[in-house]
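Since the structure comes first, as structure tokens, the remarks are kept for the end.
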Amino acid sequence: MDNKEILKKVFHTAWPAVLESFFIALAGIIDTIMVASLGVYAISAVGLTTQPKFIGLSIFFSINMAVSAFVARRKGEQNREKANETLLTAFFIVLVFTMLLTVMSLVLAPQIMYLAGSEPDTHSAAVDYFRIIMGSMVFSTIPMIINAAQRGSGNTKIAFTTNLVSSIINIIFNYLLIGGKLGFPALGVRGAAIATVLGTVVSTIISVECLFRKTSYVKIKYMITNKIRASVTTAKQIMKFAVNIFAENMVMRVGFMVTAFLAARLGKDSFAVHQAGMNVLALNFSFADGMQVAAIALTGASLGAGKKEDARKYGEACQRVGLVISICISVALIFFSKNFFALYFKDNMNIDRGILVSKFLIAITLLQISQVIYGGCLRAAGDIKYALVASTVSVAVIRSVVTLVFTLIVPLGLIGIWLGVLSDQLSRYLFMSLRFKQDKWINMKI
């Protein structure tokens, strides 16, 4: 397959995934901007829930990654029965974990928020937001697992449509419920949480409906006709793969929690600026994640079909596209960072702090998108233990140590926080890019 054809297929697979991730991140940013109308305390309260929420969702992200990788491989092997069996088995695994984590989150919400660094003026709002979001977790996890299978089969457009509609619903009800518009009650932070849940309810309905479409590679009718059943063997394969990714995610979340906790210690104003910066980072990651989805689907299918050279070429093509995207974002940050932070803050002091943070973001963007795409290729191939070690060293060790040194020993405030983030992204980029270029990953089997 020539480079032109490969690049064309990368664009065809990647653009819905990139736009999907972008709109999810954009909805999160708009969510925070709308919450900002309630005051700095509200930004901080919602920000405090971010890392605990993602820690809770880490097991699902891990299962999703496994499902995408397995479905991509099975499609490459032209084994549709196993691809559908993978989704059905993963669906039941997800339901069990969802019930357990929902109960734990509802019961332990106050303690979790204290551990996240809540203060008296943010604690109550953070607990309310966290309970509403995590109490309705099932409406997030069901579409996540279905969309993971769709992406693995190369059908990224379905997941894009699902999450786009969900984001629009979220934004509409943010407007109606946060401040109380058009006769709706003014629910503040709780209104933002309810709006998010309503968006996920709609995404659940759409994603389930997609399983009945003729064009879907994984679908209900095929499972019924071919008497597909959940498999213990497949469950073990999924969990073996997912456990390593989960361990990686947990290690990363520990590092992220250290960063969030130390940022919260700087005070609610500094933490609010930090959270706004993290929203930019999330927006950057949305592009990286979209390209990673394409890399997993294309490299996974190629490896399943035994086309190792094509797998490497797809990874390189995704990387080139990602580099162009990261350069565009960095240039935008150079010229428009002040305008962006002015959406959150009215006072010049916090805007100036935001501009300082954006200087780190310009460099981080160039590293983040590349390392995520490289990591996606490695995980699609089954090289998950290396990714675990790389993330452990980068996030849990390097990031945490650098952040601790430059906030507690050398008190640099927000500069210390973002030096830690930069050190993490740089080290992960070096680890992932070196492994990709060694070509060991293309010879692995899952």
Side-chain angles (χ1 to χ4, degrees), residues 14 17-18 21-22 25 54 248-249 251-256 258-260 263 274 276-296 315-337 340 354-380 383 386-403 405-406 412 414-438 441:
V18 170
S21 296
F22 171 76
F54 280 114
E248 179 188 349
N249 282 330
V251 165
M252 291 171 65
R253 291 300 159 191
V254 169
F256 296 161
V258 170
T259 300
H274 170 71
M278 291 302 291
N279 278 344
V280 178
L281 203 59
L283 192 63
N284 294 342
F285 178 78
S286 71
F287 291 101
D289 189 46
M291 293 307 305
Q292 178 182 227
V293 167
I296 289 173
E316 291 174 344
C318 288
Q319 187 60 235
R320 289 196 296 273
V321 175
L323 179 61
V324 173
I325 293 172
S326 64
I327 291 172
C328 292
I329 295 173
S330 292
V331 170
L333 284 170
I334 291 172
F335 291 103
F336 301 110
S337 60
F340 177 82
I355 293 172
L356 176 64
V357 168
S358 70
K359 293 178 180 178
F360 287 94
L361 287 166
I362 290 166
I364 289 169
T365 297
L366 297 172
L367 300 169
Q368 183 186 40
I369 293 179
S370 291
Q371 63 92 356
V372 170
I373 295 171
Y374 281 134
C377 295
L378 300 182
R379 295 182 187 96
D383 197 5
Y386 178 86
L388 170 60
V389 173
S391 295
T392 300
V393 174
S394 299
V395 185
V397 180
I398 295 175
R399 176 175 178 149
S400 297
V401 169
V402 171
T403 305
V405 168
F406 289 106
L412 296 181
L414 279 175
I415 292 177
I417 296 292
W418 285 89
L419 279 173
V421 178
L422 178 60
S423 67
D424 158 32
Q425 295 291 340
L426 176 59
S427 56
R428 268 194 281 172
Y429 169 79
L430 293 173
F431 285 134
M432 297 300 185
S433 60
L434 288 172
R435 185 69 166 187
F436 179 88
K437 291 172 184 177
Q438 288 174 349
W441 59 280

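Side-chain atoms are counted along with the backbone in the values below, which use heavy atoms only and exclude waters and symmetry mates. The residues of the chain are indexed from 1 along the displayed sequence. This one's a predicted model, so the numbers in the text were calculated from it and none came from an experiment.
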- [ ] Mind checking the CG-OH spacing from Leu430 to Tyr374? Nearest 0.5 Å is all I need.
- [x] 11.0 Å
Task: Note, Phe287 side chain near Gln368 side chain (heavy atom, < 4.5 Å) - done: no
TODO: Could you walk me through whether Phe340 and Val280 pass side chain to side chain contact (heavy atoms under 4.5 Å, CB included), step by step?
DONE: CA-CA 9 Å; Phe340 177 82; Val280 178; 3.1 Å; yes
- [ ] Would you indicate whether the side-chain heavy atoms of Thr259 and His274 approach each other to under 4.5 Å?
- [x] yes
Task: Reference residue Leu419; test side-chain contact (heavy atoms from CB on, under 4.5 Å); the match among Val405, Leu412, Thr403 - done: Leu412
Open item on the list: Tell me the closest heavy-atom pair linking Gln292 and Gly375, and the distance in Å.
Closed with: OE1-C, 4.3 Å
Task: Validation row: Ile398, Asp424 side chains within 4.5 angstrom (heavy atoms) - done: no
- [ ] With rounding to the nearest 0.5 Å, note down the distance linking CG in Leu366 to OG in Ser326.
- [x] 5.0 Å
Task: Heavy-atom closest contact (Ile296 atom, Gly376 atom, distance) - done: CG1-O, 3.5 Å
Open item on the list: Testing the basics here: between Ser330 and Thr365, what is the closest heavy-atom pair and its distance to 0.1 Å?
Closed with: OG-CB, 3.7 Å
TODO: Compute whether any side-chain donor of one residue and acceptor of the other, for Ser433 and Gln371, lie under 3.5 angstrom apart.
DONE: no
TODO: Ignoring hydrogens and angles, tell me if any N or O in the side chain of Ser423 forms a donor-acceptor pair with the backbone of Gly420 under 3.5 Å.
DONE: yes
TODO: Taking all non-hydrogen atoms of both residues into account, name the closest pair between Met291 and Ala14 and its distance.
DONE: SD-CB, 3.7 Å
Task: Point-to-point distance, once rounded to the nearest 0.5 Å, from CZ of Arg379 to CE of Met432 - done: 5.0 Å
Open item on the list: Measuring only between side-chain heavy atoms, which start at C-beta, is Arg428 closer than 4.5 Å to Val395?
Closed with: yes
Open item on the list: Are Arg399 and Ser394 packed together at the side-chain level, in the sense that at least one heavy-atom pair is separated by less than 4.5 angstrom?
Closed with: no
- [ ] Any chance you could measure Arg435, atom CZ, to Leu378, atom CG, to the nearest 0.5 Å?
- [x] 7.5 Å
TODO: State the OG-CG distance between Ser337 and Leu356, to the nearest 0.5 angstrom.
DONE: 10.0 Å
- [ ] Check whether any side-chain heavy atom of Trp418 lies under 4.5 Å from a side-chain heavy atom of Ile364, and answer yes or no.
- [x] yes
Task: Any side-chain heavy-atom pair of Tyr386 and Phe431 under 4.5 Å - done: yes
- [ ] Measure the CD1-CD1 distance between Ile327 and Ile362 for me, rounded to the nearest 0.5 Å.
- [x] 13.5 Å
Open item on the list: Counting C-beta onward and ignoring hydrogens, is there a side-chain heavy-atom pair between Ile415 and Phe406 closer than 4.5 Å?
Closed with: no
Task: Residue pair Gly322 / Ile369: nearest heavy atoms and the distance that separates them - done: O-CG2, 3.5 Å
